[in-house]
Amino acid sequence: MELSVFDLSKQLGVAQDTIERWVRQGKLPVFKKGINYKFDTKELKKWASNHNIKLKFSDKTDLPQKQEQSIIPLSVAVQNGGVYFDIQGHDVNSVLKASIEKISKIPETFKTDLLDRLIEREKALSTGIGNGIAIPHPREQLSYLESPLVSVCFLDQPVDYKALDNKSVSVLFFILCPALKMHLHLLSALSFCLRDHQFIDFLKLKPDFAALVKKIEIIQKTNPI
Amino acid sequence: MSKIKNFFKNLFRRLFQLDDRLLLIIAGSIAGICSGLAAVALRLSLESVLELLHPFRQYGWAFILPAVGALLSSFYLEKIAREGAGHGVPEVIYSVSRHGGLLRFRSSYSRLISSFLTIGSGGSAGPEAPVVMSGSAIGSNIAKFLGLNDRQRITLVGCGTAGAIASIFNAPIAGMVFAIEVILGEWKFVNIIPIAIAAVAGAQVSHAIIPDQVIFNHLPFQVGGADILPSLGLAVVTAMVSVLFTKVLRQTGKIAKKSSLPFWARAIIGGSTVGIIGMFMPVVLAEGYHSIQSMISGTFSMGLFFVFFAVFAKIFATAMTLGWGGSGGIFAPCLVIGSLTGVVFHKMLMVLVPSFGCASEGAYALLGMTGLVSGVMQAPLTGIFLIVEITGGYETILPLIVVSSISSTMSHYIEPASFYFKELIERGQFLRPGTDARILSDLNIRELIETEFVKVSENMVFRKFIELLKTSDQNFFPVIEDGTQEYKGVIQISAIRKFALDPGMYDMVFLNQIMDTNVMTASLENDLQEVLDMMDINHMDSMPVVENNRFVGMISKTRILDLYRRELIMQTSDH
C-alpha cells in the first residue's frame with residue numbers, strides 16, 4: 001500500500017515538514033511518483049523494525065477517532081424514564097420500592113437487585129439534595145439498560161429522607177444509566193436545573209409529563225453542554 | 001509488455017531508490033577518481049611552477065615572490081571567486097553537518113587555484129585542504145546531479161575527500177580514515193564501503209599518472225623495542241609543538257583580523273615575511289614534500305641547531321601565510337613540522353646518548369609526523385594509518401600508536417578542540433551527528449508547534465468562556481482582537497482557576513481583563529535552543545508562537561520531548 005507524506009505524518013504524529021526533512025536527509029525509504037513522495041507500507045515496516053520505531057498501519061489511514069459517547073440531553077432521558085405520581089410510602093425504603101415497581105423501563109428480573117443497590121447507596125450518603133428533592137441512583141452502572149433514563153416520581157406525601165437541609169422530600173429523580181459518563185452528564189444537567197428556584201416552584205405543582213419535559217428543554221437551552 | 005516494464009521499473013527502484021548501496025558505490029568511485037585527478041593536477045602544477053621559479057630563488061628580491069603569490073591568491077578569492085580565505089575543511093565539516101553536504105560547484109576549483117598561487121610562489125601551506133575542499137565539492141555536485149538526498153550526498157562528500165587524500169599521499173586507508181574521522185564524524189556501515197572504494201580509486205589515479213612522483217614510496221624501517229622509550233619522549237615533545245602550532249596559527253590570524261589593513265596589504269606583509277624567512281631557511285617554503293622526503297630517507301643535511309630553529313620558523317611561516325591572506329591547508333605543514341621535530345629529537349638523542357641503538361633518523365621523522373597529525377588535527381587514526389601506509393608494514397605500529405595516542409591525548413587536554421573544529425565551535429556550528437546541538441538545529445519551531453487551538457475573542461464574556469471550557473480539553477486559549485485577529489494574550493487555565501470557581505465573576509469580566517499579556521512568545525524564526533532557554537528561564541512548560549502579530553500555535557516541552565526522542569532515534573540508528 002502506498003502512503004503520502006500527509007498520511008505518514010498522521011501515522012507518526014509528526015509535522016509534514018518533519019517528514020519532508022527526513023526524506024531530504026535520506027532517513028525514510030521513499031520513492032517518487034510524479035512529483036509526489038510516496039511511501040511503501042512494506043518498506044516502511046521493514047525500516048521501522050530496523051529502527052526500533054513503533055509503527056501501526058491500519059487499513060484506514062486516518063487515526064482511530066475518539067469514540068463519541070452518545071450524550072443525550074436531560075429532556076430525552078426524562079422522556080425515556082417517564083413521570084409517575086402518587087407514590088405511596090412513609091420511609092425511604094418503602095418509597096424507593098414503590099417507585100421501582102412503577103417505573104416500566106426497568107426489566108422485572110432486575111428490580112429487586114436495583115432496589116438493594118439504591119438502598120445501599122442511601123445508607124452510604126443520602127441523595128436528598130435539599131428543597132424537597134432527592135436523586136436516588138445506584139453506584140454501579142446498569143449495563144442491562146439500553147439507554148439512560150431519568151424517572152421523575154412525585155410522592156403522595158413527603159418523606160423524611162435525611163436530606164442535607166433536613167426538609168422532607170416529595171420528588172425523586174431516579175438516574176439510571178448504562179455508563180458512567182452519561183451518569184455524570186445527566187447529574188450535572190439535573191443539578192443545573194435544580195439550582196433554578198423557578199423550577200423548584202414549578203415542581204411543587206406536580207406538572208404532567210409533557211409540561212415537565214418542555215420546561216427542562218427550556219432550561220437546557222440556557223445551559224448547553 | 002507492461003509486465004516487463006513494471007518488472008524493470010521495480011528492479012530499478014529496488015536497486016537504486018530503496019537500496020542505494022550499488023548507486024553509492026558507483027557514484028563514490030567516480031567522485032574518488034575525479035578528486036584524485038584534481039589532486040594530481042594540483043600536485044603536477046605545483047611541481048612545475050616550483051621548478052620554474054627555482055632559479056630565481058638565489059636573487060635578493062626573491063622574498064617578494066610569496067608576497068605576490070599571496071596577493072594574487074587573496075585577490076582571486078576576494079574578488080573573483082568570492083569565497084572566504086582559510087583552508088576550507090571547517091566549511092566542509094559544517095556543510096556536512098548542517099546542510100547535508102551541499103557545496104557550490106565553484107568550490108571544486110576555486111581553492112585549487114588560490115592555493116596553487118599561494119604555494120607555488122613559496123607560501124608555507126599544504127595542498128591537502130584545498131584538494132579536500134575540491135574533492136568534497138565534486139562529490140557533492142555529483143550527488144546534486146543525480147538528485148540524491150542528504151545522507152547519500154554526505155557519503156559522496158566523504159568519497160571525494162577520501163579520494164583526494166588517498167591520491168595526494170598514495171595512501172588509500174589514510175584517505176578513508178581521514179574522511180570518516182575528520183569530515184563525517186560517524187562510522188557507519190553504509191558510508192564505509194563507498195568511501196573505501198573511492199579512496200582506492202583516488203590512490204590508483206595518482207599511481208597511474210605520476211608513479212615517479214608519489215610522495216612517499218614505501219620505505220621499510222627497522223624499529224625495535226629500544227625505540228619505545230624514546231618515542232614516549234617524542235610524543236610529549238610533539239604534543240607541545242602541536243599546541244604551540246595551533247596557538248600561533250590562531251593568534252596570528254586574530255592579529256591579522258584586528259589590523260584594519262586591506263586584504264592586499266595583509267597578503268603582501270604576510271608573503272614578504274615568509275619570503276624573508278625563506279631566504280635563510282628554504283625548508284619553510286612551499287608545501288615541503290621534498291624536505292619531508294629527504295628527512296625520511298635520512299639525507300637531510302642540516303645541523304641540530306638549524307633544524308631546531310627550522311621547527312619554529314616553519315610554524316611561524318605557516319601562520320603568516322595562512323593567517324595573513326594566503327590559501328592552503330595545514331596538513332603538509334604539520335608533516336614538515338612533525339618530521340623536523342622528529343629529526344631534532346633524534347639528533348639530540350644521539351648527542352646525549354651516542355651509543356643508543358635506536359632506529360634511524362627517518363623513522364623518527366615519521367613518528368614526529370604522526371605526533372603532529374594526531375596533536376593538531378586530533379585525528380589519531382589518520383596519523384597512524386598514514387605512516388603505516390608510507391612504511392608499508394606494521395613493524396612501526398607500536399611506537400606509532402604510543403606517539404599518536406599520547407600526543408593527541410596531551411594536546412586534547414590543553415586544547416580541547418582540534419584546529420579544524422575550534423573555528424566551528426566558536427561559531428556554534430559544531431554539529432556532529434547524534435549530538436544535542438545537531439538535533440536541536442534540525443528540529444525547527446514550525447515542526448514542533450501544535451496548531452489546533454480554539455481562539456477566543458478578547459471581548460468574550462467570562463461566562464461564555466466557561467461554557468466553552470466545559471466542552472474543550474485545551475489548557476491554553478489564545479486571545480485575539482476582534483477585527484484585526486491580532487494576538488493579544490493568552491489564558492492559561494491554571495492561572496484563572498480561582499475566577500473559574502467563582503460564579504459571581506462570570507458576568508463581571510471580559511477576557512481581556514483576565515488574560516495574561518506578559519507571557520513570553522516565540523516566533524517561527526527562533527532557534528529551538530533559544531526557545532528552550534527562554535522556557536527554562538521563565539519556568540514555562542509551553543509557550544505561544546506568534547508570527548506577524550498572529551497566533552500560530554503553541555510549543556510545549558512535552559511535544560519537544562516526543563519529537564526530540566524520535567529525532568534522536570532517527571539520527572543515531574543505522575540506515
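Chain naming here is simple, since letters A, B, ... match the order of the sequence lines and numbering starts at 1 in each.
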Tell me, please, which residues at least two apart from A:Asn131 pass side-chain hydrogen bond (donor to acceptor under 3.5 Å, both in side chains).
-> none

Listed by chain and number, what are the side chain to side chain contact (heavy atoms under 4.5 Å, CB included) partners of B:Ile192, not counting sequence neighbours?
-> B:Met176, B:Ile180, B:Trp187

Against chain A, label B:Asp442 side chain, backbone, both or neither, depending on which of its atoms sit under 4.5 Å from a heavy atom there.
-> both

Residues two or more places apart in sequence or in another chain: which of them pass side-chain hydrogen bond (donor to acceptor under 3.5 Å, both in side chains) with A:Arg117?
-> A:Asp113

Examine whether an atom of B:Ile449 lies under 4.5 Å from a heavy atom of chain A, and if so say whether it belongs to the side chain, the backbone or both; otherwise answer neither.
-> neither

Begin with the C-alpha distance, continue with both residues' side-chain angles, and end with the deciding distance and a verdict on side chain to side chain contact (heavy atoms under 4.5 Å, CB included) for B:Thr521 and B:Phe551.
-> CA-CA 10 Å; B:Thr521 59; B:Phe551 175 85; over 6 Å; no

Side chains of A:Thr18 and B:Glu447, donor plus acceptor under 3.5 Å | yes

Between B:Leu443, B:Asn149, B:Asp150, which shows the greatest number of heavy-atom pairs under 4.5 Å with chain A?
-> B:Asp150

Heavy-atom check, side chain of B:Glu547 versus side chain of B:Glu525, under 4.5 Å = yes

Top contributor to chain A interface from B:Arg153, B:Arg446, B:Glu567 [non-hydrogen pairs under 4.5 Å] | B:Glu567

A:Phe209 atom CZ: more than 12 heavy-atom contacts under 6.0 Å = yes

B:Asn191-B:Thr155 side chain donor-acceptor pair, cut-off 3.5 Å | yes

Validation row, ring centre B:Tyr94 to ring centre B:His99 under 6.0 Å | yes

Proximity breakdown for A:Arg21 and chain B, heavy-atom pairs closer than 4.5 Å | side chain

Residues 554-562 of chain B vs chain A, non-hydrogen distance cutoff under 4.5 Å, contacting residues -> B:Arg559

Using non-hydrogen atoms only, which part of A:Leu28 is less than 4.5 Å away from chain B: side chain, backbone, both, or neither?
-> side chain

